[in-house]
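Data first, discussion second: the structure below is written as C-alpha cells.
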Protein chains: 2
Amino acid sequence: MNGNGNGTGNRNGRAAGASGVNLLALRSHNGALVLDLLRTAGAAGISRLELADRTGLTPQAVSKIIARLRVDGLVTEAGYRASTGGKPRTVLRLVPDAGHAVGLHLDRDALTAVVCDLTGTVVGERRAPLHLGAGADAVVENAAREVEGLLAEEDAPLLGVGVALPGPLDHLHGVLHRVTGFPEWEGFPLRAALARRLRTPVVVDKDTNAAALRLAVALGTHGSFAYIHLGTGLGAGLVIGGAVHRGARTRAGEFGHQIIQLDGPPCSCGNRGCIEALCLAAVARGDVDEAARVLGAGAANLVGLLDIELVLLGGRTVEERPDVFIRGVGAMLDEWARLQGEEPYVPVRVASGGSLGVAEGAAQLLLAPLFGRADG
Amino acid sequence: MNGNGNGTGNRNGRAAGASGVNLLALRSHNGALVLDLLRTAGAAGISRLELADRTGLTPQAVSKIIARLRVDGLVTEAGYRASTGGKPRTVLRLVPDAGHAVGLHLDRDALTAVVCDLTGTVVGERRAPLHLGAGADAVVENAAREVEGLLAEEDAPLLGVGVALPGPLDHLHGVLHRVTGFPEWEGFPLRAALARRLRTPVVVDKDTNAAALRLAVALGTHGSFAYIHLGTGLGAGLVIGGAVHRGARTRAGEFGHQIIQLDGPPCSCGNRGCIEALCLAAVARGDVDEAARVLGAGAANLVGLLDIELVLLGGRTVEERPDVFIRGVGAMLDEWARLQGEEPYVPVRVASGGSLGVAEGAAQLLLAPLFGRADG
DNA sequence: TCCACTTAAGCAACGCTGTTGCCAAAGTGC
DNA sequence: GCACTTTGGCAACAGCGTTGCTTAAGTGGA
C-alpha cells in the first residue's frame, strides 16, 4: 500500500547523531503529519484548510499532499461541512482498510491477538492459553498459527505484527533478555524467529510500552505522561513529547524497583525498599489505601523528575479498586506539588483499554510509525 | 550574521502538536546539523566528505550547504588533510567570531558573566557580588551594567544573553516563580525586563539546566544523561536525546525532593524522607559515604526510570570529595543493575566546568539553537 | 618525466518540494 | 439574479537535494 516512499532517504544508517533531511524525508514527514491529524479526527473527518492550519503548511501544499495520499488509497473524501458563507469544506477521512496490523500480547499464561485497521480499531480478536515452558519453537509456532487464523478472513494489506510481552528485552533487535523462571528464553531472537515464520515485519516491545503507546495514540497527545501498571508486578511506560521513551537499551520505565524506603523491607530482586515490594505487600494484607499512598509517592517522584502532565493507572490490582487508587495517588501528587509551592496540576486517571489494551498497543507498534510517531 | 533564514517558515505558532516542514525549515535543519558537526570537530576541523558521511546527505548537498555558510561568514577553509592517494580533503572550521553570546549566572550572592564565541569558548569574564534583597530593578540594572562592561571590548555580533538562576521559573516566558526568602521576586518577568534594558534577545533557564546543556554540548552527545548537582541544595538537569528535558512547565529535574524514605525525617519543604534532606544531613554530620550512598539510590531510581547512559556529578559538596561520591554512587548503580540482572553499564563521572560552568551553559542557551540543539 | 590512477569538489541539468498568483467552483444572502 | 465569501485546483516559480559529468590536485609506478 505504501507508495509513499517511506524511509529517510539516507543511504546509510551509520550516522550516530541527528541525521540530514532530504526531500524524500520531508515528504514522508509531512505526509505522516497529515495522516496523524486525519487519524485523530476520526469519523468526524477534517478539511484541507483545517489541516493547513494545524500543520502550518499552506493550503496548496496540503492539497498536494492529500492528492498523493488519495492516489495511495489512504485518504478519501467523505461529504462536506456546513457552509460558512462560501463553498463548504470537503471532509477528508482516513481509509481504515488501507492497511491492517496484528498486535500480539504474550502474557504469563495467555496469548491475546488482535487485528487493527489503520485507525486503530480492533477488527478481529483471538485468545489462547500460553505455555512458556513448552519451548521457544513451540510458542512461536503457536503464536504464528493464531496470527494466521486471525488473518484468514482479512484481505487488507498487512503492515506487520507487533509483539508485546513483559520483562527486559531489546526492542531494537527484538531479542529477549530474561523470562522469569524460563532460562531457555534468555537471548531468544523472537523478532527474527517470528518474522521468518510469518514472512512479515515484526516488532517487539515491552507490554508497558505497548500500553503507553496505545494511550498516546488514543489521546492524540504530543505531550508527556506516564502509564503505571500495577498487576502481578509494578512497571511503567513513559511517553515524552508524544513518543514512547524506551532509552538506549529498552530499559526505561523500571518503576517497580525504584527505591522508596532506604533499607526498607527486602524485595524479590534482592534489594531493599523497592516500591513494588512495599506496594504489593500492602495489597496482600488488604491495605489498599496504603498501596495507593506508596504508589502515589513513586508517582510524585516521577512527576517531579520529568514534569509530566498526566498519570494513568492500569492493571488488575488498580481495576479492582480504581477509586481508591485515583484518590490516593492524586492526593499524594497534590500534596507534593503543594509542598513545592506549586498548584496541583497533574491529573490522575484510570487508563482505558481493558483486556485488549496491550494487544492494541502492540498493533500500534506498526501503525504509529505511519503517523510519524516513531520510537522515542 | 544570520543570513541563514532561521525559523520554521511557518506562518503561525498555533499548531499544538508537531508541525509541518517546508523547504526553509529543511534548509535550516541541515545547516544547523552541519554547523553542529563543525563545532564538535573543533580546532581539528572536518572535511566536506566527512560531513556527508555523518549527515547522510550527498557530498554535493554538503558542498552547497558549506557554500552558503561560507557566504554567511560562519565557516572557513583551513588547510588540507594528508592525501590518501588523491586530492587532499579541504579542512573546514567554524569561524569563532561570527557571533558571541553572553551567559549570566545569578547565584545566591554572586553574579558571574561570560562572553562565549561560537565554539563556546569563553573570551571574557566578570564577577560581581549580588544582593537579591536590593530589589528587582536594582538587580536588573546591576546585571545589565556587568554585561555592558563585558561587551565593551567585543565587536563580534551579539546573539543575545542567557541567564541561569536557581529555583522554579518559566523558561518559555522567562518569568520567575519563587526566589527563596525574597517574595518580591515572585512572578518577576526577568526575561522581558533584561531584554528591554539591553535591547537584545534574552533567554532564562534554571541553573541546573544550563549546566546540563553545557555538558551536552561539550560531550557532543545525542544520547541521554543526568547532571546531578549537590551544593547548598540538590537538583538535577536531564538531557534526553541530546536536548535538555525541561517538561511543559520547566519543572523537570526536581531531584532533591524525590521521596526516598517513606515517613523518613522531615525536609525543609515540609515533606518527609526527601533525598535532599537525607543527603545534606549526612554531609552535615560528616558522613560523606552515607551521603554518596543516598545519592546513589536516587541516581539508581533515575537511571532505572529513564535508562540514561551516564551520570555526571557536580556542585561544591561533590567537588570537596569527588572520589567518595564517584565510588559511592557508582557502587549503588552497579549493585542496582546487578540485582536487576543487568550488566553494570552506567558510568559515573564528575562534571567538568568549575565555577564558570553554569554561566557557560547560560551562553549556550543562545548558541545551541544555532546547532539544532533546541529546547527539549 | 611521463602517465595512469585516485580522490575531492564544483558545474549543470534535473526532479521534486512547498509557495505564490490566479481562477473556477460552490455556496450564502440581499 | 447579483454581489460576496470561501474552498480548492491549475500553472508558474524558487529553491532544496540529487545525479551525471568535469575539473582540480594529489600519489605512485614505468
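What you are looking at is a predicted structure, and each value in this text was computed from that prediction instead of being measured. By convention in this document, chain letters (A, B, ...) are assigned in the order of the sequence lines, proteins followed by strands, and residues within each chain are numbered from 1.
- Residue B/R27 places no side-chain N or O under 4.0 Å from the OP1 or OP2 atom of C/dT17.
- Distance CG (A/L24) to C1' (D/dG17): 10 Å, rounded to an integer number of Å.
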What protein N or O atoms touch nucleotides 11-15 of chain C N or O atoms at under 3.5 angstrom, if any, and at what distances?
{"residue": "C/dC11", "atom": "N4", "partner": "B/Q60", "partner atom": "OE1", "Å": "3.0"}
{"residue": "C/dC11", "atom": "N4", "partner": "B/Q60", "partner atom": "NE2", "Å": "3.1"}

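- Contact annotation: B/T90 side-chain N/O to C/dA8 OP1/OP2 distance is not under 4.0 Å.
- Within the 4.0 Å cut-off from OP1 or OP2 of C/dT19, at least one side-chain nitrogen or oxygen of A/T58 is found.
- At C/dT17, none of the side-chain N or O atoms of B/N22 fall inside 4.0 Å of OP1 or OP2 (strictly under the cut-off).
- Taking every heavy atom of both residues into account, B/H245 and A/L306 meet most closely at NE2-O, 2.9 Å.
- At whole-Å resolution of the value, CZ in B/R81 and C1' in D/dA25 are 17 Å apart.
- Between A/R89 and the phosphate of D/dT7, there is a side-chain N or O to OP1/OP2 separation shorter than 4.0 Å.
- Computed from coordinates, the B/R48 CZ to D/dA25 C1' distance equals 14 Å when rounded to whole Å.
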Any protein N or O atoms within reach of nucleotides 26-28 of chain D? Criterion: under 3.5 Å, listing atom names and distances.
{"residue": "D/dG26", "atom": "N2", "partner": "B/G85", "partner atom": "O", "Å": "3.0"}

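- The heavy-atom pair separating B/R246 from B/D205 by the smallest distance is NE-OD2, 2.6 Å.
- Per the geometry, CD belonging to A/E77 stands 16 Å off P belonging to C/dA25, to the nearest Å.
- Whole-Å rounding puts the A/E50 CD to D/dT6 P distance at 15 Å.
- The interatomic distance linking B/L51 (CG) with C/dA8 (P) rounds to 13 Å, in whole Å.
- Look at CD1 on A/I66: it is 12 Å from P on C/dG18, rounded to the nearest Å.
- Here CD1 of A/I65 is found 5.0 Å from CG of A/L57. Values are rounded to the nearest 0.5 Å.
- Proximity of B/R68 to the phosphate of D/dG17: a side-chain N or O atom is located under 4.0 Å from OP1 or OP2.
- Among pairs with a residue in residues 360-369 of chain B, those fulfilling side chain to side chain donor-acceptor pair (under 3.5 Å) read B/R214-B/E360, at least two apart in sequence or across chains.
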